[in-house]
Amino acid sequence: MARIGKTGLAMAGALALLGAAGASARAETAALVIGIDEYQYVSSLKGAVNDARDIAAALKSLGAKDIRLFLDGDAQRGPIIQAWRELIATTSPDATLILTYAGHGAQQPERVPGNEADGKDEFLVLAGFAPRGPGTAQRLVDDELALLLKEAAPRRVIFVSDSCHSGTMTRGFDTRADQLGTRALAIDEITEDELPPPTRAALAAEAEDQPHVTFFAAVAEHELAPEVLIDRQPRGALSWAFANALRGNADRNGDGIITKAELETHIRSGVRMALEGRQHPQVLPSGRGETTLIDPVASRPKPPSLLGAAAPLTLRILAEPAVTKSLAKGLTGVSLAGKSDSAALVWDSATGDVVTATGDVVARLTGDPRAPETQRQLQGVIDKWSLVGRLKTAAERRSLALAVSPGDQSYRQGEAVSLDIRGNEGTYFTLINLAADGTVNMLYPLADRKDPAQIARGGPYRLALTVEPPFGADHFVAIATPKPMAALQKDLTALDGRPAAAQVAALLTKHLTGQTVEFGIHGVYSVAR
């Protein structure tokens, strides 16, 4: 797919990185963290408890004064509200309070006519919720949440809601994938409702601006928030990105604080990477980029190596059980998924399709599944996705922001795509593409275009592309460093046009270990007409 347009890599203006608003006294941090997988009366999830535990651990490393953790059946309405008000009562007015929720979200017809623009109230679904009778009280509705957040003023509040209420996928979801589920609960009707109607104070709070609150929502209203495998565990992408931010990975300039701009950039790019552009988190309010949100942050962890160890991918082969082991023979870097395992890749041996856990057909293998050439193609796909996973992990620490225009949909042959790259501090720049079958395409710098080794700091930069076969998933890998990469670029150029993802991993480790490296990676999906 990666045929570069005539415009090449064009600088489209300067983007100044937003720094901190200035040093301030270290403020205390306290948190209320909720994660629910096991629901008593409605469908369960798999990754919300993992999310809550990860955030709580990150907060502990941050030195949070008081962390109230509610998991599964302990996540009940009364104790949660009480814990929040206790945090307010026991912290100073200049404290930061963090409220995070991982679990189902849902909608209901508005309880007060004319109160909601869309005619619906949104609510967080607690563990004992039922759509009828006593369990109806086990929910937190948007208007009362607004009141609870208002009560915390003037304390800074960060509210992270890793749930969704309704919507669809940006791209179609292939049902052959091992879907983990989404965090949206469909409620037709709530009857015999035991939750009291909203108070006037709650309705007023929802209508007011609350400048002390920064709100991160997992998705836009028209999208779903799917669970995803990260480090072989079910997770929510928003919670995962937020926990990484708390560990210092959002502190771009290393000044020990996280501004709103830094946190927003880190979360948007992290969620985009984890969900391959299927999920687009929302942040309110807009602006206030230099406002300090977290102070101090944890020290950024030092990675054991540039890319980390290559863990085997889990592979499911859709074939007769007696045939599966034969088809897997000779493959490296994978382990066969058991019946209860979630697979990173699914190979449909009848059609040749390779499907990821995010429900995308990322490659189509041709020929007899037992033929050596087909096995070679599959190994190329495995090597490519192993490298993609390792690059995503590396990019958590110092990421470049990549985005695609006009959007994250599936593209067809001949359509134009624009790749946007921002946020580089290092000025020496390299860009490659990993095609669906793992073929390497060197995109920048190119000698015949006389591309300079250095670009200006910050970006944005735009690369014009045209969609061409092979169809499936292309991944653009951007690399920025403060030092020249001539030797790496020479070796990558030698791989151009070859399925050599495994060699790319070795070259990056060889040439970049010990350097300050910024990675960015972005998938672009295409289909035949």
Side-chain angles (χ1 to χ4, degrees), residues 30-34 36 42 68 70 75-91 93 95-166 183-185 187 189-219 221 282-286:
L32 173 58
V33 181
I34 305 167
I36 308 170
V42 298
R68 309 291 180 96
F70 290 86
Q76 300 179 40
R77 175 185 168 84
I80 287 173
I81 293 175
Q82 179 181 346
W84 180 252
R85 287 177 169 153
E86 287 175 354
L87 290 180
I88 295 172
T90 56
T91 54
T96 296
L97 297 185
I98 296 175
L99 171 61
T100 73
Y101 172 83
H104 279 308
Q107 290 179 321
Q108 66 179 107
E110 58 185 358
R111 296 186 294 164
V112 176
N115 182 51
E116 301 285 351
D118 61 357
K120 295 179 181 179
D121 286 322
E122 283 76 34
F123 63 91
L124 305 181
V125 184
L126 301 180
F129 173 79
R132 181 176 181 177
T136 56
Q138 291 300 317
R139 69 192 199 270
L140 292 170
V141 185
D142 49 13
D143 44 44
E144 59 185 345
L145 278 168
L147 181 59
L148 291 171
L149 297 175
K150 180 180 178 180
E151 291 174 2
R155 295 157 187 81
R156 294 179 299 195
V157 176
I158 302 173
F159 177 27
V160 179
S161 180
D162 201 343
S163 63
C164 55
H165 304 104
S166 64
R183 294 184 176 178
L185 185 65
I187 303 296
E189 186 181 13
I190 293 178
T191 58
E192 300 177 17
D193 193 353
E194 297 199 6
L195 187 67
T199 63
R200 289 184 178 180
L203 294 174
E206 188 181 17
E208 295 173 3
D209 290 332
Q210 299 201 33
H212 66 292
V213 178
T214 301
F215 174 46
F216 290 88
V219 290
E221 289 185 0
Q282 305 298 297
V283 186
L284 292 172
S286 59

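Residues passing the side-chain contact (heavy atoms from CB on, under 4.5 Å) test with S163 are Y101, L124, S161, sequence neighbours excluded. With sequence neighbours excluded, the residues satisfying side-chain contact (heavy atoms from CB on, under 4.5 Å) with A153 are H212. Looking at residues two or more places apart in sequence or on another chain, you find a side-chain hydrogen bond (donor to acceptor under 3.5 Å, both in side chains) between Q82 and E86. Residues satisfying the side-chain contact (heavy atoms from CB on, under 4.5 Å) criterion with A152, sequence neighbours excluded, are W84, I88, L97, V157. E144 is linked by a side-chain hydrogen bond (donor to acceptor under 3.5 Å, both in side chains) to R77, counting only residues two or more places apart in sequence or in another chain. Legend: residues meeting salt bridge (charged side-chain N to carboxylate O under 4.0 Å, His left out) with R139, ordered by chain and number and at least two apart, are D193. Partners of A75 according to the side-chain contact (heavy atoms from CB on, under 4.5 Å) rule, which considers only residues two or more places apart in sequence or in another chain, are I34, I36, F70, I80. Evaluation of the side-chain hydrogen bond (donor to acceptor under 3.5 Å, both in side chains) rule for T100 yields no partner, not counting sequence neighbours. Residues passing the ring pair (Phe, Tyr, Trp, His ring centres under 6.0 Å) test with F216, sequence neighbours excluded: none.
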| field | Steps toward side-chain contact (heavy atoms from CB on, under 4.5 Å) verdict (L148, R85) | value | CA-CA 8 Å; L148 291 171; R85 287 177 169 153; 3.8 Å; yes
| request: Tell me, with the steps shown, if L87 and L32 meet side-chain contact (heavy atoms from CB on, under 4.5 Å). | output: CA-CA 8 Å; L87 290 180; L32 173 58; 4.0 Å; yes
| task | May I have the step-by-step check of side-chain contact (heavy atoms from CB on, under 4.5 Å) for R183 and D162, ending in yes or no? | result | CA-CA 8 Å; R183 294 184 176 178; D162 201 343; 3.3 Å; yes
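Looking at L145 and D143, their side chains never come closer than 4.5 Å, going by heavy atoms from C-beta outward. L140 has its side chain out of reach of V125: every pair of non-hydrogen atoms, C-beta onward, lies at least 4.5 Å apart. The shortest distance between side-chain heavy atoms of P198 and V112 falls below 4.5 Å. At least one side-chain heavy atom of F129 sits under 4.5 Å from a side-chain heavy atom of I190. The shortest distance between side-chain heavy atoms of P109 and K120 does not fall below 4.5 Å. Between Q107 and L185, the closest side-chain pair of non-hydrogen atoms is not below 4.5 Å. Contact of the I187 side chain with the Q108 side chain is not registered, since no non-hydrogen atoms from C-beta on lie closer than 4.5 Å.
Taking all atoms of both residues into account, the shortest heavy-atom contact from T214 to P285 is CA-CD, 4.3 Å. Nearest heavy-atom pair across L126 and Q76 is CD1-C, 4.0 Å. Residues E192 and T136 share a closest heavy-atom pair of O-OG1, 3.7 Å.
At a cut-off of 3.5 Å, with distance as the only test, a side-chain donor of T91 or R155 sits close to an acceptor on the other residue.
Note that the CZ atom of R111 and the CG atom of D142 stand 8.5 Å from one another [nearest 0.5 Å]. The distance from atom CG of L147 to atom CG of L203, rounded to the nearest 0.5 Å, is 9.5 Å.
Within the structure, no pair that satisfies the ring pair (Phe, Tyr, Trp, His ring centres under 6.0 Å) test touches residues 131-151, not counting sequence neighbours. Residue pairs meeting the salt bridge (Lys or Arg N to Asp or Glu O under 4.0 Å) criterion with at least one member in residues 208-217, sequence neighbours excluded, are K150-E208.
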